[in-house]
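All remarks here apply to the structure that follows.
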Amino acid sequence: MKDFLLDDTGDLLIQNGDFVIGESNNQHQLDILVATKGEFKEFPELGVGISEMLSDDDFVEFLIEAKKNLEYDGMKINNIEFTANGKLNVDGNYK
């Protein structure tokens with residue numbers, strides 16, 4: 001999916017005085033994982049709230065919620081898991 005791209009701080013990415021448009025699938029995934037429910041006014045049930053998971057030992061509920069939210073956004077998720085080094089691996093593609 002093409003969309004406006006954001007920089008590392010979440011601001012619009014601007015190059016040569018113009019907005020940058022490009023592949024935004026990873027950006028949309030990150031937005032959904034970071035947002036809490038209610039932050040997307042048009043879709044108030046969308047959002048996982050990964051920061052809330054940091055204080056919880058049971059991350060299975062987080063993985064279930066993440067998969068459900070990403071599928072709601074139009075992804076087909078094959079697998080979602082934390083790797084041995086603690087990174088979140090999402091194996092899926094937008095339909």
Side-chain angles (χ1 to χ4, degrees):
M1 173 182 308
K2 299 265 187 204
D3 202 350
F4 292 108
L5 296 182
L6 305 177
D7 64 15
D8 293 336
T9 64
D11 289 331
L12 285 169
L13 185 60
I14 297 175
Q15 290 178 348
N16 300 322
D18 205 356
F19 300 119
V20 178
I21 296 175
E23 188 61 40
S24 61
N25 289 347
N26 290 339
Q27 185 172 287
H28 290 296
Q29 291 174 19
L30 178 63
D31 291 342
I32 290 169
L33 294 172
V34 171
T36 57
K37 296 203 181 304
E39 287 190 46
F40 296 107
K41 301 303 179 200
E42 190 172 340
F43 304 101
E45 290 300 313
L46 187 64
V48 178
I50 194 169
S51 62
E52 295 173 11
M53 188 237 16
L54 297 175
S55 62
D56 195 356
D57 291 336
D58 182 22
F59 58 87
V60 174
E61 289 295 321
F62 166 79
L63 293 174
I64 293 169
E65 189 69 17
K67 180 179 180 187
K68 186 170 51 171
N69 276 262
L70 292 171
E71 286 177 341
Y72 179 76
D73 191 48
M75 287 190 76
K76 180 183 180 323
I77 303 292
N78 300 318
N79 191 26
I80 185 168
E81 65 184 354
F82 284 104
T83 62
N85 61 358
K87 292 191 178 209
L88 181 63
N89 181 33
V90 178
D91 177 19
N93 294 308
Y94 279 92
K95 299 174 190 174

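Nothing fancy with the numbering, it's 1 onward along the sequence.
- A donor-acceptor pair shorter than 3.5 Å cannot be found between the side chains of K87 and N89.
- Residues L63 and L88 form a side-chain contact, since some pair of their non-hydrogen atoms from C-beta on lies under 4.5 Å apart.
- If you chain together hydrophobic residues whose side chains sit under 4.5 Å apart, Y94 and L33 fall into the same group.
- Rounding to the nearest 0.5 Å places CG of N78 at 8.5 Å from NZ of K67.
- Interatomic distance, NZ of K68 versus CD1 of I64, reported as 8.5 Å (0.5 Å rounding).
- Environment of CG in N16: sparse, with no more than 12 heavy atoms of neighbouring residues, nucleotides or ligands closer than 6.0 Å.
- Expressed to the nearest 0.5 Å, how far CG of N26 lies from CE of M1 amounts to 12.0 Å.
- In the hydrophobic clustering, I21 connects to F4, L6, L12, I14, F19, either directly or through intervening members, whenever side-chain heavy atoms lie under 4.5 Å apart.
- In this structure the side chain of Y72 never reaches within 4.5 angstrom of the side chain of E45, judged on heavy atoms.
- The minimum heavy-atom distance between D3 and S24, with the atom names listed, is CB-OG, 3.2 Å.
- For T36 (side chain) and G49 (main-chain N/O), no donor-acceptor pair under 3.5 Å exists by modelled atom type.
- For N69, the side-chain hydrogen bond (donor to acceptor under 3.5 Å, both in side chains) criterion is met by E65, not counting sequence neighbours.
- Minimum heavy-atom separation, K95 to M75: CE-O, 4.0 Å.
- No side-chain donor-acceptor contact under 3.5 Å links E23 to the backbone of K2.
- Atom NE2 of residue H28 and atom CD1 of residue I32 lie 8.5 Å apart, to the nearest 0.5 angstrom.
- Distance alone, capped at 3.5 Å, places no donor-acceptor pair between the D7 side chain and the L13 backbone.
- Looking at residues two or more places apart in sequence or on another chain, you find no ring-ring contact (aromatic ring centres under 6.0 Å, His included) involving F43.
- Here the side chain of K37 pairs a donor or acceptor atom with the backbone of G47 at under 3.5 angstrom.
- Of all non-hydrogen atoms in V48 and F62, the two that sit nearest each other are CG1-CE1, 3.1 Å.
- Here the CG-CD1 distance, from D91 to I80, works out to 10.0 Å after rounding to the nearest 0.5 Å.
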